[in-house]
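Count residues from 1 along the sequence.
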Amino acid sequence: MRKFSNKNLQLLIFTFLGITANAQYTETINSNRPGNSQGAFSVGTGVLQLEAGGYYGNDNHEILGTDTNILGTDYELRYGFLFEALEINLSGSFQAETTTIKVGANDVDYKRSNFRNNTLGIKYLIFDPLKSITPDKVDIRSWKNNQKFKWKTLIPAVSAYAGANFYMKDNPFLYEGEGQISPKFALITQNNWRGGWVLVMNFIADKMTEDFPTFQGIITLTHAFTPQFAGFIEYNGLISDIYADDLGRLGAAYLISDDFQVDISGLMNFKDTPSRWQVAAGISYRLDMHKKDEFLDDSFEGSRRRKRTEEMQNKAAKDAPASSTDKE
């Protein structure tokens with residue numbers, strides 16, 4: 001059986017949303033699934049990653065008297081390029097709905113299907129506390145001092161996201177008068193805490209050029225229980241003149257290999273206009289074309305990693321057996 005070190009555990013902590021201390025590339029896949037938020041860090045340069053899944057659910061509107069069955073698939077294609085802090089991604093979903101309305105004594109079904117959303121965007125890391133804040137030195141005389149709470153751990157990594165929503169003409173999910181192209185912006189924060197805890201927050205302004213923009217706040221708390229299994233809980237608040245809601249999500253992911261993850265999740269809301277539930281399952285897979293370890297400039301942890309690498313190389317050279325030429 002394969003053994004996992006503390007380093008392996010730290011890497012899995014960020015299965016949904018994570019990073020390593022030195023850079024944004026990780027030895028194991030870094031997926032945003034199954035939550036609805038995105039982490040502050042990219043997949044790493046040279047990494048092409050697909051995150052996709054299917055979902056089934058129901059919306060029941062108490063006042064309108066409608067019952068809607070929903071079947072869909074969502075996807076995200078992510079690529080890290082140029083440098084570690086930058087990622088380009090394409091995300092969206094295709095959804096089919098059957099809405100039943102009672103007309104007199106009869107139930108009448110109305111169907112619609114199309115892309116529920118498609119967004120092409122770029123994410124850029126603008127602040128990394130591991131790069132900018134000097135870590136505390138280990139107190140060799142006091143275990144208590146090393147373990148006590150430190151306020152600097154509350155300082156998150158911060159990323160900015162900008163993208164564009166685009167729809168085909170005559171998409172039934174567009175509201176009357178809504179344009180085919182609209183902007184989307186987000187501010188993303190991420191805290192990585194000792195013990196396998198990761199907190200991500202997204203603050204989103206969507207369709208700002210339209211008559212009915214949407215504002216969202218997403219808070220996701222992730223915890224790694226074992227080197228292969230992690231779970232999450234999430235709150236998603238939406239504010240709009242068209243649709244406002246409070247959504248809760250709960251789920252888990254399992255790491256099959258360094259490049260392959262599977263996940264399951266569920267969703268429910270807290271009102272009856274409409275009441276909503278969904279179940280979902282998906283996968284995340286990456287093509288790892290990352291050529292070398294990249295250390296962020298001026299990174300304290302990066303400097304330590306360089307030093308460790310140099311020490312290991314020097315030790316290996318010193319311990320290597322003499323060549324036949326040397327023996328002669």
Side-chain angles (χ1 to χ4, degrees), residues 31-38 43 48-59 61 64 66-81 86-101 108-124 160-186 188 202 204-216 218 236 238-245 247 249 265 267 269 274 276 278-285 287:
S31 176
N32 288 326
R33 291 190 61 89
N36 204 45
S37 63
Q38 58 175 319
V43 291
L48 179 65
Q49 188 162 306
L50 174 65
E51 304 171 14
Y55 58 90
Y56 176 78
N58 178 268
D59 288 5
H61 203 292
L64 297 180
T66 60
D67 186 79
T68 303
N69 289 322
I70 299 171
L71 181 65
T73 181
D74 53 23
Y75 49 87
E76 184 171 14
L77 189 64
R78 306 169 61 190
Y79 182 66
F81 70 113
L86 189 65
E87 174 186 303
I88 184 170
N89 55 63
L90 172 68
S91 61
S93 63
F94 187 91
Q95 186 166 299
E97 298 181 355
T98 300
T99 300
T100 302
I101 304 175
V108 179
D109 290 341
Y110 294 90
K111 297 184 178 182
R112 63 176 180 174
S113 61
N114 210 306
F115 287 95
R116 192 71 179 85
N117 60 286
N118 269 309
T119 307
L120 179 65
I122 290 179
K123 178 173 64 179
Y124 180 72
Y161 170 90
N165 307 300
F166 55 93
Y167 299 86
M168 300 298 290
K169 189 176 181 181
D170 300 324
N171 188 314
F173 290 106
L174 288 175
Y175 299 114
E176 185 176 352
E178 187 174 350
Q180 291 177 251
I181 300 177
S182 59
K184 181 177 182 179
F185 304 101
I188 304 163
N202 289 186
I204 304 167
D206 198 7
K207 301 184 179 181
M208 298 301 295
T209 57
E210 302 299 320
D211 293 334
F212 305 105
T214 298
F215 300 93
Q216 292 190 61
I218 307 176
N236 188 178
L238 298 96
I239 300 174
S240 172
D241 290 339
I242 294 292
Y243 172 64
D245 210 341
L247 306 174
R249 296 182 180 90
S265 62
L267 171 152
N269 71 342
R276 303 186 63 191
Q278 282 184 14
V279 292
I283 63 170
S284 300
Y285 179 77
L287 293 174

Nearest-0.5 Å distance, CG of residue Asp245 to CG of residue Asn269:
4.5 Å

Indicate whether the side chain of Asp109 and that of Thr100 have a donor and an acceptor atom separated by less than 3.5 Å.
yes

Just to verify, what does Asn117 make a side chain to side chain donor-acceptor pair (under 3.5 Å) with, not counting sequence neighbours?
Ser93

Side-chain touch Phe81/Ile88, heavy atoms, less than 4.5 angstrom:
yes

So Phe215 and Leu238, do their side chains get closer than 4.5 Å, heavy atoms only?
no

Under the ring-ring contact (aromatic ring centres under 6.0 Å, His included) rule, collect the residues that match up with Tyr75, sequence neighbours excluded.
none

For the residue pair Glu210 and Tyr175, confirm or rule out a side-chain donor-acceptor distance under 3.5 Å.
no

Would Gln216 and Asn236 count as having a side-chain donor-acceptor pair, cut-off 3.5 Å?
yes

For Phe115, which residues count as a ring-ring contact (aromatic ring centres under 6.0 Å, His included) partner, sequence neighbours excluded?
Phe94

Does Asn69 have any side chain to side chain donor-acceptor pair (under 3.5 Å) partners at least two apart in sequence or in another chain, and if so, which?
Asn58

I'd like to check the side-chain contact (heavy atoms from CB on, under 4.5 Å) partners of Thr68; sequence neighbours left out, ordered by chain and number.
Asp59, Ile70, Glu97, Thr99

In short, Val43 meets Gly80 closest at the heavy-atom pair CG2-N, 3.5 Å

Taking all non-hydrogen atoms of both residues, which atom of Arg33 and which atom of Gly53 are closest, and how far apart?
NH1-N, 3.8 Å

Can you name the nearest heavy-atom pair linking Pro213 to Ser240, along with the distance?
O-OG, 3.4 Å

If you count every heavy atom of other residues, nucleotides or ligands that lies below 6.0 Å from Ile242 atom CD1, does the total exceed 12?
yes

Which residues share a ring-ring contact (aromatic ring centres under 6.0 Å, His included) with Tyr56, sequence neighbours left out
Trp277

So, taking the atom named CZ in Arg116 and the one named CG in Leu174, what distance separates them when rounded to the nearest 0.5 Å?
9.0 Å

Can you find a side-chain donor-acceptor pair between Ser182 and Asn165 that sits under 3.5 Å?
yes

With a 4.5 Å limit on heavy-atom distance, are the side chains of Tyr161 and Lys184 in contact?
yes

Sidechain-backbone polar pair: Glu51 side chain, Asn32 backbone, donor-acceptor under 3.5 Å:
yes

Can you check whether Glu87 reaches Ile122 side chain to side chain, under 4.5 Å on heavy atoms?
no

Any side-chain heavy atom of Tyr243 within less than 4.5 Å of one from Pro274?
yes

